Amino acid sequence: MKNIIVANWKMNPQTYQEAEDLIKNILEGIKDLNNTEVVICPPFTWLTDFSHKNEAQILFGAQNVFHKESGAFTGEISPLMLKNSKVDYVILGHSERRKYFGETNELINQKIKSSLSVGLKVIFCVGENEGENKEEVLVSQITEGLQGISEKDLGNITVAYEPVWAIGTGKNCGIEETQDAVASIKKIIEKLYSQNASEVLAVLYGGSVKSENSGDYLKDGGVNGLLVGGASLKAEEFIKIVKSAE
Ligand code: PGA
């Protein structure tokens, strides 16, 4: 399995020019990758322009999608629209969507199902808030989020462990704690599916990843990659993170 490094640009940057420069600079720094898949998730306004360009070194992902196929849903974008725009991935279940847009496990489950049905790959974010019981949160988010999804679809799902207290705070999760969370996630998946189910499942870590800590997660954290927010907006920093995965 290749390492996967995902850039979540969130609601940045504010101009097309800045977005284009960032992509160009990243591309210059990550030629000839062998062991790493790089997925960049810009806001919708810039996403499809870049995805249509078919850059060889990178894949593109959306930060959200609606679960209906088509119709009267003002302001929304369907999974098929993304698929038809050469977008390969979609981030779902991100804590910011759960917090600011009231996304429930049930809604996230619908979004995951409709995304998989058109052939999109899903980056499914899970993780506890400060003070919450990690184990309980992971069990409910994963069990409800993957309700009705078959084992053969797990190869198209990447679970991103993102403890909410670590996102954008500079307080990244310790390596041992990350290992524990990854083990818990795999155990939950094995319980829901079969003993072998977790073998095809990629697990990422996200939350205040920087070039100084990225290598540690990849080497000792038991993860197959990283979901990077703030540090993905600085080309030099993001390139270093990608190189740590190679
Ligand atoms: P951060 O964000 O790297 O800025 O903490 C990660 C994320 O929200 O996916």
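From a predicted model like this one, the values you see are computed outputs, not experimental measurements. Remember, it's 1-based here, ligands and their atoms both numbered in the order they're listed.
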Chemist: Should E76 and K68 count as an ion pair when the cut-off is N to O under 4.0 Å?
Modeler: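 Looking at E76 and K68, the cut-off is not met.
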Chemist: Please identify which atoms of ligand 1 are closer than 4.0 Å to at least one heavy atom of G229.
Modeler: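 Counting atoms of ligand 1 from 1, those under 4.0 Å from G229 are 1 (P), 2 (O), 3 (O), 4 (O), 6 (C).
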Chemist: Measuring from atom CD1 of I188 to atom CD of E135, what distance do you get when rounded to the nearest 0.5 angstrom?
Modeler: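 I188 atom CD1 to E135 atom CD measures 5.5 Å (nearest 0.5 Å).
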Chemist: Considering only the protein, which heavy-atom contact is closest to atom 4 (O) of ligand 1, and what is its distance?
Modeler: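 I find the closest protein heavy atom is G230 N, 2.8 Å.
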Chemist: When hydrophobic residues are tied together by side-chain contacts of less than 4.5 Å, even through go-betweens, does I77 share a cluster with L92?
Modeler: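 Yes, because I77 and L92 connect within a single hydrophobic cluster, where side-chain heavy atoms sit under 4.5 Å apart.
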Chemist: Show the atoms of ligand 1 that are less than 4.0 angstrom away from any heavy atom in H94.
Modeler: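 So the atoms of ligand 1 that pass are 7 (C), 8 (O), 9 (O).
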Chemist: Is the shortest N/O to N/O distance between I167 and ligand 1 below 3.5 Å?
Modeler: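 Between I167 and ligand 1, no N or O pair is found under 3.5 Å apart.
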Chemist: What protein heavy atom is closest to atom 9 (O) of ligand 1, reported as residue, atom name and distance in Å?
Modeler: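 Result for atom 9 (O) of ligand 1: E162 OE2, 2.7 Å.
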Chemist: Any ion pair linking E103 and R97 (charged N to carboxylate O, less than 4.0 Å)?
Modeler: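 A salt bridge is present here (some side-chain N lies under 4.0 Å from a carboxylate O).
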Chemist: Quick check: F50 with Y16 (ring centres under 6.0 Å apart)?
Modeler: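 Ring centres of F50 and Y16 closer than 6.0 Å.
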Chemist: Provide the number and element of each atom of ligand 1 under 4.0 Å from a heavy atom of L227.
Modeler: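 Numbered from 1, ligand 1 contributes 9 (O).
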Chemist: If we set the cut-off at 4.0 Å for heavy atoms, which region of N8 has an atom near ligand 1: side chain, backbone, both, or neither?
Modeler: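 Near ligand 1, N8 shows its side chain, while the N, CA, C and O stay back.
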Chemist: Do NZ/NE/NH1/NH2 and the carboxylate oxygens of K240 and E212 come within less than 4.0 Å?
Modeler: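 Between E212 and K240 there is no salt bridge, as every charged N stays at least 4.0 Å from the carboxylate O atoms.
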Chemist: A quick test of your reading: do over 12 heavy atoms of other residues, nucleotides or ligands sit less than 6.0 Å from CD of E176?
Modeler: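 Count not over threshold, so no.
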Chemist: Give a yes/no verdict on whether any heavy atom in G168 is under 4.0 Å from an atom of ligand 1.
Modeler: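 Under 4.0 Å: yes for G168.
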Chemist: Out of all atoms in ligand 1, which are within 4.0 Å of some heavy atom of G207? Include the element for each.
Modeler: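 By the 4.0 Å cutoff, the relevant atoms are 5 (O).
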Chemist: Looking at ligand 1, does S208 have a heavy atom less than 4.0 Å from it?
Modeler: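 S208 counts as a contact of ligand 1 under the 4.0 Å cut-off.
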